[in-house]
Every structure is written in structure tokens, then in C-alpha cells.
Novice: 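Sharing a structure here in C-alpha cells format.
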Amino acid sequence: MWVPIVVAALGFIGVVTAQLIAGWREDRRWRREQQREDQRWQRERQRDGEQRRYEGRAAGYAEVIGAIESFDFVLYQAMRVRERGERLEEQLQQDLRASSAQLRASLGPVNLHAPEKVRTMLPGATLPRSRLCSALLAGVQPERHRELWREGQLGYRRMRAEMRGDLGLDAEDIEAVEAAIRPGP
């Protein structure tokens, strides 16, 4: 009589043990899946954050580059007029002021999204233009116009190369640019 009781008890213990082991395995499998899912979501959030930062930098860079090049177009026209000894027409003065304001307004996104190296290059690209604009509007004679123009171009080209490098795009050879922009002996 004790043999069937022992067999029944062992069977019951075996079933309970099998259920405990199966539950433990299932719990472990679920935790591993949850961990993988958490890691996947974390990578996806990180990738989305990097993409938003990249897009913010790209948009800021495009805005400031567009503003600088637009400003250069107007500055060059005004500089040529002053070099001929002529007075700036009212429309050209308004264009200079508008282009200067557009450049100032475009600096915010770059200051927000760009790395420190690009932010420190902004003054080298913008301040010579601002000084040249002020000199042209004030009617100052063109002794320093070309120097300010070259200084602004060099600062801009350096900054643009750094921006393009930051975005993973090809960038021009700065040494060749500096040699081309700098005045000869």
C-alpha cells in the first residue's frame, strides 16, 4: 500500500517541479526578450536624437551660409561702387542693411545646434562683413575694403569647411583656399 502512495507523491513532486522549472525558464526568457526590446528602443531613441541634432545643424548651417552668401552679393556690389568713388544709392543701402539683419537673424540656430568649434568660427566669418558694411554705409574710403573682404572670405571658407566636415560631407582644402584668398607679396 505504501508503494502507490510513494509513486503518487513522486509523480506529484515531479509535476510540480516541472512546472516550477518551466515557469522559471519562461520568466528568464521573458526578461531576456524585455531586455532586448529595451535596448532596441534605446538605440532607436538615440538614433532619432542624433538624426534630429544632425537635421538641426544642417538647417542652421544652410541658413547661415545662405545669409552670408546673400550678404556677400550685396557687399561686393557696394564695395565696387565705393571703389569707383561713387555714392551708394538708397536701394543698395537698404539691401546692405537688410542683408546684415538677415545674417544676424540666421546665427541663432547655428549657435544652438553647432559644436563649439563651429561656434567659435562664426565671428571670423561675420564680423569682417559687418565692419565692411558699416564702412560702406558710413562712406569711409576704400583703403581697408579689400582687406576686410578677404578676411571675411577666409573666415567664411574655414567655417564652411568645418560645417561640411561636421555633416560628413566633403570639404574644400583650406590651405589652397587661404593661398588663393591671401594677397600676394
Side-chain angles (χ1 to χ4, degrees), residues 1-75 98-130 151-182:
M1 172 105 148
W2 62 273
V3 172
I5 293 175
V6 169
V7 169
L10 286 175
F12 179 73
I13 291 172
V15 168
V16 169
T17 304
Q19 289 297 317
L20 288 174
I21 289 172
W24 175 75
R25 284 182 176 169
E26 181 63 25
D27 187 49
R28 207 172 93 186
R29 183 189 63 76
W30 183 83
R31 273 186 266 144
R32 277 194 312 258
E33 284 180 18
Q34 188 64 35
Q35 196 174 35
R36 273 184 286 217
E37 189 70 18
D38 289 345
Q39 288 173 349
R40 185 177 69 80
W41 279 106
Q42 184 179 7
R43 283 191 304 267
E44 195 170 310
R45 280 191 304 271
Q46 185 178 10
R47 193 174 22 248
D48 287 347
E50 289 171 3
Q51 182 65 27
R52 279 192 303 276
R53 285 187 294 278
Y54 178 88
E55 289 170 358
R57 287 192 324 271
Y61 293 169
E63 187 176 346
V64 80
I65 284 173
I68 286 174
E69 291 184 0
S70 174
F71 196 17
D72 280 354
F73 183 76
V74 177
L75 275 173
S99 294
S100 179
Q102 179 188 9
L103 178 58
R104 282 191 308 274
S106 72
L107 297 177
V110 173
N111 277 314
L112 179 63
H113 294 287
E116 185 63 25
K117 187 168 183 178
V118 172
R119 287 194 306 267
T120 59
M121 295 176 129
L122 279 172
T126 58
L127 292 179
R129 284 171 174 76
S130 178
E151 186 181 330
Q153 291 301 308
L154 186 58
Y156 166 64
R157 300 290 280 277
R158 286 177 181 156
M159 183 185 70
R160 187 177 68 185
E162 187 63 35
M163 287 175 169
R164 291 182 62 81
D166 181 43
L167 295 176
L169 304 171
D170 65 321
E172 61 193 329
D173 180 14
I174 293 302
E175 291 175 7
V177 169
E178 288 178 2
I181 292 177
R182 292 211 186 275

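Along the sequence shown, residues are numbered consecutively beginning with 1. Because the structure is predicted, anything quoted here is derived from the model rather than measured.
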Novice: Is the shortest side-chain heavy-atom distance between M159 and E162 below 4.5 Å?
Specialist: no
Novice: Count the heavy atoms of every other residue, nucleotide or ligand shown that sit under 6.0 Å from CD of E44, and state whether that count exceeds 12.
Specialist: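 Yes.
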Novice: So, taking the atom named CZ in R164 and the one named CD1 in I65, what distance separates them when rounded to the nearest 0.5 Å?
Specialist: 8.0 Å
Novice: Please find the pair of heavy atoms, one from S130 and one from F71, that lie closest to each other, and give the distance.
Specialist: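 For S130 versus F71, the nearest heavy atoms are N-CE2, 4.4 Å.
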Novice: Between CD1 of I21 and CD of E26, what distance do you get to the nearest 0.5 Å?
Specialist: 14.5 Å
Novice: Look at the side chain of T17 and the backbone N and O of I13, then say whether any donor-acceptor pair between them is shorter than 3.5 Å.
Specialist: yes
Novice: Between P115 and R57, is any pair of side-chain heavy atoms under 4.5 Å apart?
Specialist: yes
Novice: Just verifying a value: how many Å separate R32 CZ and D27 CG, rounded to the nearest 0.5 Å?
Specialist: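 Reported value, rounded in 0.5 Å steps: 10.5 Å.
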Novice: Regarding W30 and Q34, is there a side-chain donor-to-acceptor distance under 3.5 Å anywhere?
Specialist: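 There is no such pair (donor and acceptor under 3.5 Å, judged by atom type) between the side chains of W30 and Q34.
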Novice: Which atom names give the shortest non-hydrogen contact between Q46 and R53, and what distance separates them?
Specialist: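 It is O-NH2, 4.4 Å.
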Novice: Below 3.5 Å, can you tabulate the donor-acceptor pairs from side chains in residues 105-114 to any protein atom, sequence neighbours excluded?
Specialist:
residue	atom	partner	partner atom	Å
S106	OG	L103	O	2.8
N111	ND2	L107	O	3.2

Novice: How far apart are the closest heavy atoms of P128 and P123, and which atoms are they?
Specialist: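 Taking P128 first and P123 second, the nearest heavy atoms are CD-O, 3.5 Å.
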Novice: Could you check whether D166 and Y61, counting side-chain N and O atoms only, form a donor-acceptor pair closer than 3.5 Å?
Specialist: yes
Novice: Between CD of E55 and CD of E50, what distance do you get to the nearest 0.5 Å?
Specialist: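 Reported to 0.5 Å precision, the distance equals 12.0 Å.
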Novice: Kindly indicate whether the side chain of V64, heavy atoms from C-beta on, has any atom under 4.5 Å from the side chain of M163.
Specialist: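 SC-SC contact between V64 and M163 confirmed.
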Novice: Can you check whether R31 reaches Q35 side chain to side chain, under 4.5 Å on heavy atoms?
Specialist: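 Counting from C-beta outward, R31 and Q35 never come under 4.5 Å.
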Novice: Hey, could you give me the CZ/CZ distance between R40 and R47, rounded to the nearest 0.5 Å?
Specialist: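 With rounding to 0.5 Å, CZ (R40) is 9.5 Å from CZ (R47).
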